[in-house]
2 protein chains.
Amino acid sequence: MTYSISDLAKQFDISTRTIRYYEERGLIEPKRSASGQRIYSKKDRTRLQLILRGKRFNFSLEEIEEMITLFDEDRSGRKQLEKTIRYGDQKIQELTTQIEEMQALKEELEELHADFKERLQDIEAKK
Amino acid sequence: MTYSISDLAKQFDISTRTIRYYEERGLIEPKRSASGQRIYSKKDRTRLQLILRGKRFNFSLEEIEEMITLFDEDRSGRKQLEKTIRYGDQKIQELTTQIEEMQALKEELEELHADFKERLQDIEAKK
DNA sequence: CGTAACCTTTACGTTAACGTAAACTATTAC
DNA sequence: GTAATAGTTTACGTTAACGTAAAGGTTACG
């Protein structure tokens, strides 16, 4: 099964320009038909999905590119494996920190929220 | 205690341009000396810190502006209170979703990480 | 077979969030 | 008092991640 560019655009609710832009950046390389139209395979679709997921986590295209090529390269050699592991370690660390910070922020917001609700109830009670 | 613009720039490791830009956007309004130099109070410092925290959570300056003015306005009226509560509710929801997604991503990364480590150990074992 | 809907490339436009430079004034250090 | 350092405004430059438009080929349909 293959897809046209607008098929994917609709599926992921993004513009065709965006998809072409990712190609400009070297993140996807779909096959071409005889006339030159882009043909996306299941694999290409998955790749696009991966990119979009990265975006949702606020990774820049540069970072996404980095991650993709890293995991795409030949992972058989020991050196490559070690590099991948180190990279993954770092990303996990970053994520952990960010999650903790967001959790803290959320708790603060919840306190504020409770505060405001209390104030509102005070007002309601005085009616 | 007051601060000059470069005092704050050093404290938070940002440029003076950045601080002036926040002022352009109306996010801070420091006092001025007779000669026109910016004088930042403790309150201004706190405000700046707030902005930077927002940035760390990937909020845009527009969102930060929104939040600040919302919490700055008169919160005494019932309508205002309700608005604030609704806004907070929404932000908490957004945060919750994002945290969950990041948590999921982290777990995936950890699995991958374990995978690669195993492979590396296989190689080491064969030596 | 015409035409609407879709595809292509090329290229200039846009927005956020600053960076950088110029031209000038104020403060601080000796 | 004179450098050096720091501050001010004005204004143009920059980067990422697309948006938009033009000018033209392609495919699908009635």
Side-chain angles (χ1 to χ4, degrees), chain A residues 1-41 44-45 47-69 91 94 98, chain B residues 1-42 44-45 47-70 91 94 98:
Chain A
M1 225 277 167
T2 63
Y3 313 90
S4 74
I5 192 166
S6 56
D7 285 344
L8 293 186
K10 272 174 203 157
Q11 287 181 36
F12 295 117
D13 194 33
I14 55 181
S15 74
T16 58
R17 175 67 175 99
T18 297
I19 300 178
R20 290 200 190 91
Y21 179 68
Y22 293 161
E23 186 175 341
E24 274 180 46
R25 298 275 312 236
L27 294 173
I28 319 184
E29 286 171 54
K31 294 268 152 56
R32 298 296 186 118
S33 75
S35 68
Q37 304 210 351
R38 292 170 173 80
I39 300 173
Y40 296 86
S41 69
D44 293 324
R45 201 196 106 105
R47 165 70 60 103
L48 179 56
Q49 204 165 19
L50 235 159
I51 297 169
L52 295 177
R53 227 183 85 199
K55 294 249 74 186
R56 288 220 318 287
F57 296 119
N58 288 307
F59 291 133
S60 69
L61 287 181
E62 197 177 335
E63 277 181 298
I64 294 173
E65 196 176 335
E66 205 183 333
M67 295 170 82
I68 284 181
T69 61
K91 283 291 159 197
E94 283 173 25
Q98 223 185 328
Chain B
M1 225 277 165
T2 64
Y3 312 89
S4 74
I5 192 164
S6 55
D7 284 344
L8 292 186
K10 272 174 202 157
Q11 286 181 36
F12 294 117
D13 195 32
I14 56 182
S15 73
T16 58
R17 175 67 175 99
T18 296
I19 300 179
R20 290 200 190 93
Y21 179 68
Y22 294 160
E23 187 175 340
E24 274 181 45
R25 297 276 311 238
L27 294 173
I28 320 183
E29 287 171 55
K31 293 268 151 55
R32 298 296 185 120
S33 75
S35 68
Q37 304 211 349
R38 292 170 174 81
I39 300 173
Y40 296 88
S41 68
K42 200 89 189 164
D44 292 325
R45 200 195 107 105
R47 166 70 60 104
L48 179 56
Q49 203 165 19
L50 235 160
I51 298 169
L52 295 176
R53 227 183 86 199
K55 294 248 74 186
R56 288 221 318 286
F57 295 119
N58 287 306
F59 292 132
S60 69
L61 286 182
E62 197 178 334
E63 277 180 297
I64 295 173
E65 197 175 335
E66 206 183 333
M67 296 171 80
I68 284 181
T69 60
L70 195 63
K91 283 292 161 199
E94 282 173 26
Q98 224 185 327

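So you know, we letter chains A, B, ... as the sequences are listed, proteins then strands, and number each from 1. Predicted, not measured: the structure shown is a model, and the values here were computed from it.
Partners of A/Leu52 by side chain to side chain contact (heavy atoms under 4.5 Å, CB included), not counting sequence neighbours, listed by chain and number: A/Phe12, A/Ile14, A/Tyr22, A/Leu48. Considering only residues two or more places apart in sequence or on other chains, A/Ser6 meets the side chain to side chain donor-acceptor pair (under 3.5 Å) condition with A/Ser4. With sequence neighbours excluded, no residue forms a salt bridge (charged side-chain N to carboxylate O under 4.0 Å, His left out) with A/Arg20. Evaluation of the side chain to side chain donor-acceptor pair (under 3.5 Å) rule for A/Thr69 yields no partner, not counting sequence neighbours. For the salt bridge (charged side-chain N to carboxylate O under 4.0 Å, His left out) test, no residue two or more places apart in sequence or in another chain qualifies with B/Arg45. With sequence neighbours excluded, the residues satisfying side chain to side chain contact (heavy atoms under 4.5 Å, CB included) with A/Ser41 are A/Lys43, A/Asp44. Judged as a side chain to side chain contact (heavy atoms under 4.5 Å, CB included), and not counting sequence neighbours, the contacts of B/Glu23 are B/Pro30, B/Arg32, B/Arg38, B/Tyr40.
Atom CG of B/Asn58 is separated from atom C1' of C/dA17 by 13 Å (rounded to the nearest Å). Rounded to whole Å, atom P of C/dT15 lies 13 Å from atom CZ of B/Arg25. The separation between A/Arg56 atom CZ and D/dA17 atom P is 17 Å, rounded to whole Å. In this structure, CD of A/Glu23 is placed 13 Å from P of C/dC7, rounded to the nearest angstrom. Across the protein-nucleic acid pair, B/Leu27 atom CG and C/dA16 atom C1' stand 13 Å apart, rounded to whole Å. A/Tyr3 places its OH atom 19 Å from the P atom of C/dC6, with the value rounded to the nearest Å. Residue B/Leu52 contributes atom CG, which lies 13 Å from atom P of C/dA17 at whole-angstrom precision.
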Polar atoms only, N or O, under 3.5 Å: list the protein pairs with nucleotides 1-4 of chain C and their distances.
none

Next item on the list: Can you check each nucleotide of nucleotides 18-30 of chain C against protein heavy atoms at under 4.0 Å and return B for base, S for sugar-phosphate only, - for none, in 5' to 3' order?
Entry: BBB-----SS---
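Side-chain N/O atoms of B/Arg38 include one lying less than 4.0 angstrom from OP1 or OP2 on D/dT8. At C/dA17, none of the side-chain N or O atoms of B/Arg20 fall inside 4.0 Å of OP1 or OP2 (strictly under the cut-off).
The salt bridge (charged side-chain N to carboxylate O under 4.0 Å, His left out) analysis of residues 56-69 of chain B, with sequence neighbours excluded, yields the pairs A/Glu101-B/Arg56, B/Arg25-B/Glu65, B/Glu63-B/Lys91. Listed by first then second residue, pairs satisfying salt bridge (charged side-chain N to carboxylate O under 4.0 Å, His left out) with a partner in residues 1-16 of chain B number zero, not counting sequence neighbours.
Over its length, the helix from C/dC1-D/dG30 to C/dC30-D/dG1 turns its helix axis by 10°, as judged from the five terminal pairs at each end, rounded to 10°.
At a threshold of 4.5 Å between non-hydrogen side-chain atoms, the residues B/Gln11 and B/Tyr3 count as touching. Looking at heavy atoms from C-beta onward, A/Ile19 lies out of side-chain contact with A/Thr16 at the 4.5 angstrom threshold.
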